[in-house]
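None of these values were measured; they are calculated from a predicted model. Below, all heavy atoms of this structure are taken into account, side chains as well, without hydrogens, waters or symmetry copies. Each residue takes its place number in the sequence, starting with 1.
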Amino acid sequence: MENHTFAATLVGILWFLCHGMSNIALKQAVLQFADVGGSLIDLLFFQLFISVILGKLYSYTPLALRRTSVDEKKDSQVKWTQLIPIAACHVVGTVMTDMSYVKMTATVTLVLKSAEPIFTVVLSTVLLDKQYGWTTLTAVVCVVTGVVMCVVQSKSISMTGVVYACISNAAFPLRNVLTKKIQVDKAQAPWEVFTALSTMSAGAVGVVWALKVSMMGMTAGPVTLVASVLFGSYQLFSFGFLGMTSALTHAICNVVKRVVTMTVSVWFFGDVLGTEFFVGAAIALIGLTLYTLVGKGIVRDPVVGSGVCISCGIFVLLLVGYSAAVFVSDGVVFSNGNTALSNVPALLQRFKKDDMMTPTTSIMRETHLQCLNDIKAHTLELFRPHLRRLDSVLLTDPAFHSNVGDVMLTYGELCLLSAMNISYTECTMNKWERRIKQCGPAVYKQTKKALWHAGGNWGDLWKVQRSRLKSFKDLTASNIPVLGMPQSFHYDDGTLQANDTAVINTLIADGLDLTLSWRQQNSFDVARSLYGNATQFLSPDIAFMIGPVTDSRAHTKTSVPNIDILFLLRDDKESVVGSHTASRRRIRSLLQEYNISWELVDWDDRLRFYNASARERPPMQQVPVSRAFDFNERIASSVAMYGAASVIVTDRLHGSILAFLMNKPHVYLDQVNHKLTRTREVAFRSSVACRRRDILRYTDGTNIDDAVGKAVTLLRANFPTRG
């Protein structure tokens with residue numbers, strides 16, 4: 001008996017630990033997804049496959065062998081045909097849970113997952129003709145109320161993520177109800193049912209996974225494998241614990257497990273939670289506790305049950321709130337060195353002043369990665385239909401020069417191609433460029449598709465359009481389809497615009513297969529009205545595919561001092577700020593009353609900051625590139641310049657995008673055709689996480705005076721000892 005109690009306790013502890021760590025690892029895994037679709041298939045397969053392995057290993061443990069010797073495996077053969085719909089529900093529930101982690105924070109997902117009893121009641125009523133009393137229905141109402149409060153309070157909620165969580169909440173209860181309906185659980189130990197389900201599910205998913213690997217390769221990394229092991233472990237230990245304990249013990253432990261897991265998630269990710277979220281979570285857990293106790297027949301008196309659950313709810317509220325005070329504090333609560341309990345009033349006072357606690361580094365990192373991953377996933381989704389079944393393309397007129405923004409666009413294009421396992425060749429329209437081949441009919445005939453370089457030069461703002469139209473004519477003659485990477489449209493000369501439009505439409509009529517992508521809504525709207533027979537779509541700026549970029553001084557010269565505010569400003573015809581001389585004079589006037597260090601630079605100044613001899617890893621992801629150009633030097637030197645600064649102010653589009661990729665506080669100013677605001681707006685549509693300015697620490701300035709004031713505010717908010 002003592003050995004059995006010890007074993008049950010050990011399994012229960014492992015269940016708690018694996019569940020808490022599984023949620024953290026799962027969220028960390030999805031944050032690293034570059035291609036969400038392919039990576040999810042990898043994750044799902046390994047979750048199920050490793051579950052099978054763990055289940056088989058568990059069958060050789062003394063506990064499993066003892067059960068076999070006692071029961072003599074009576075009726076222990078699983079009826080596979082009956083398990084098919086149950087396995088389908090298991091797969092759907094698992095993949096929808098994974099998808100909800102892609103779209104939402106771990107804590108919000110956990111709260112939404114507590115709504116499973118709602119679906120259990122509905123499904124049991126329909127499929128099992130089960131009747132429920134008012135106590136159970138009251139519990140369900142509590143769960144619904146609490147979950148709705150949490151969802152409404154969370155400003156980073158994704159309705160797509162809510163839908164995924166709801167599908168998961170329906171799939172898992174349906175799995176359980178179907179299991180009871182065919183009474184598989186009467187003939188099998190719980191862990192045997194789990195192993196059988198995992199085996200069937202892994203077999204079905206394995207076929208899809210094998211096809212995916214053959215076409216796209218495997219993208220699973222170490223974090224995905226760790227998350228899969230922890231997923232299989234906590235599921236197995238849960239089923240094993242159920243088979244070793246009473247209904248009362250398992251029910252109570254299951255509720256406590258949810259509380260502990262939620263608290264661990266709040267602590268690890270530093271989730272930004274307000275009062276309504278804590279109260280909502282407590283109400284949901286009160287309802288969950290009441291539902292569990294009544295459903296197990298442990299509490300029959302509704303008065304007693306309600307009293308017990310309200311007491312549990314108060315405990316939960318205090319536990320989660322206290323844990324937040326301990327772990328998620330932004331420094332105000334504990335900067336005085338007092339004990340945690342003495343600081344709870346300060347925490348409550350802060351809730352009265354502001355429903356959102358100051359975001360921690362962890363939630364900043366998570367929100368930033370969530371935003372970038374959503375942008376990259378959306379970009380891949382947009383371009384995949386136009387690059388399907390291609391093993392190589394021709395990158396036409398890539399940027400190999402000192403303008404870092406153009407270089408970032410080229411590297412973003414290479415990151416896109418790498419994510420899709422497509423190789424490339426390259427040619428240039430610049431007759432002075434000697435590092436790669438000149439574009440022309442001889443080069444075009446060697447490719448199946450030409451990708452025209454992205455940028456802000458569709459029109460007459462710069463001279464690139466002349467060479468682009470010449471290339472289009474040669475590509476039409478060679479019968480090569482063209483895919484234009486995301487551009488901004490801008491003409492000042494209406495006559496030139498009309499002439500160029502006529503040329504493009506004539507080429508399309510002559511057989512040019514032209515697909516154009518635009519990074520601004522107004523560009524897309526105008527182009528669609530002008531080039532009606534071209535395929536066109538709206539896309540995030542391709543430079544976002546580079547991210548994230550590491551923010552550090554690793555590439556910065558040690559002689560360069562820390563700079564409070566770095567101004568990266570244009571000094572050309574796109575600028576509305578004015579010349580560097582005028583800007584420098586105005587900035588000096590605005591900042592003279594502050595003890596703030598600042599510097600005004602442009603891209604060419606980056607080499608003053610760059611330690612070329614530093615033996616450090618490049619700050620961005622590495623993808624296959626030709627030897628024609630050193631992308632690492634261009635981007636690392638720019639990071640060296642940004643790494644010396646605390647806050648960035650810029651009117652360069654890719655100056656603002658680089659600051660965003662580095663998760664650096666920044667203020668952006670628009671230029672003549674408003675491409676900063678419009679391009680960022682389109683990209684940030686990809687994810688609700690991108691619009692959390694308070695967490696991601698960015699804002700826009702209307703003019704240089706406004707930008708300076710907002711930069712000082714950002715500096716003081718994020719670096720209290722500065723300024």
Side-chain angles (χ1 to χ4, degrees), residues 215-216 379-400 409-410 412-414 416-431 433 435-455 457-459 463-487 489 496-519 523-524 526-539 542 624 626 628:
M215 293 186 295
M216 303 170 59
T379 304
L380 285 166
E381 181 182 354
L382 291 169
F383 278 93
R384 185 168 283 113
H386 307 287
L387 295 170
R388 186 178 290 119
R389 293 187 293 275
L390 289 172
D391 53 11
S392 180
V393 296
L394 174 67
L395 187 56
T396 309
D397 206 33
F400 294 158
L409 288 170
T410 302
E413 291 161 350
L414 300 185
L416 174 74
L417 295 176
S418 176
M420 300 180 68
N421 293 316
I422 298 174
S423 61
Y424 72 96
T425 55
E426 54 200 356
C427 69
T428 182
M429 299 295 295
N430 184 349
K431 62 183 179 181
E433 177 60 68
R435 285 171 287 192
I436 59 176
K437 296 179 181 178
Q438 290 289 311
C439 295
V443 175
Y444 297 149
K445 291 178 181 179
Q446 299 175 17
T447 188
K448 296 179 180 178
K449 196 158 197 169
L451 268 63
W452 243 96
H453 181 52
N457 48 36
W458 187 284
K463 298 179 180 180
V464 177
Q465 191 74 345
R466 301 308 103 208
S467 58
R468 181 183 288 114
L469 294 183
K470 180 182 183 304
S471 171
F472 282 4
K473 293 176 183 178
D474 291 338
L475 287 163
T476 303
S478 301
N479 197 29
I480 302 299
V482 177
L483 172 59
M485 303 306 285
Q487 273 282 349
F489 183 106
L496 182 60
Q497 175 182 310
N499 291 339
D500 287 352
T501 300
V503 170
I504 292 171
N505 286 330
T506 299
L507 291 173
I508 295 173
D510 290 343
L512 175 61
D513 182 356
L514 179 62
T515 301
L516 300 173
S517 58
W518 305 97
R519 63 189 186 183
S523 296
F524 173 67
V526 172
R528 190 167 52 173
S529 68
L530 296 177
Y531 321 126
N533 291 323
T535 301
Q536 303 184 65
F537 61 95
L538 197 59
S539 167
I542 205 66
S626 70

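The shortest non-hydrogen separation linking T410 to P398 is CG2-CB, 3.7 Å.
Atom NZ of K449 sits in a crowded spot, with more than 12 heavy atoms from other residues, nucleotides or ligands closer than 6.0 Å. The 12-atom threshold is exceeded at CG of N499, counting heavy atoms of other residues, nucleotides or ligands nearer than 6.0 Å.
Between the side chain of T447 and the main chain of Y444, no donor-acceptor pair closer than 3.5 Å is present. At distances below 3.5 Å, at least one donor-acceptor pair connects side-chain atoms of E433 with backbone N or O atoms of R435. Checked by atom type and distance alone, the side chain of E426 never pairs as donor or acceptor with a backbone atom of T396 at under 3.5 Å. At distances below 3.5 Å, at least one donor-acceptor pair connects side-chain atoms of T428 with backbone N or O atoms of N430. Here the side chain of D391 pairs no donor or acceptor atom with the backbone of N421 at under 3.5 angstrom. At least one donor-acceptor pair closer than 3.5 Å links the side chain of T501 to the backbone N or O of Q497. With hydrogens and angles disregarded, no donor-acceptor distance shorter than 3.5 Å links the side chain of Y424 to the backbone of E413. In this structure a side-chain-to-backbone donor-acceptor pair under 3.5 Å is present from S517 to G484.
Side-chain contact annotation: S539 with W518, donor-acceptor N/O pair under 3.5 Å absent. Q487 and N457 share a donor-acceptor pair across their side chains, judged by distance under 3.5 Å alone.
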Before you tell me yes or no, could you show the steps for L451 and L394 under side-chain contact (heavy atoms from CB on, under 4.5 Å), namely the whole-Å CA-CA distance, both residues' side-chain angles and the distance that decides it to 0.1 Å? CA-CA 6 Å; L451 268 63; L394 174 67; over 6 Å; no
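Residues that satisfy the salt bridge (Lys or Arg N to Asp or Glu O under 4.0 Å) test with K470, not counting sequence neighbours, are D474. When the ring-ring contact (aromatic ring centres under 6.0 Å, His included) test is applied to F524, no partner is found at least two apart in sequence or on another chain.
The existence of a salt bridge linking R468 and D500 is excluded, since no basic side-chain nitrogen approaches an acidic carboxylate oxygen closer than 4.0 Å.
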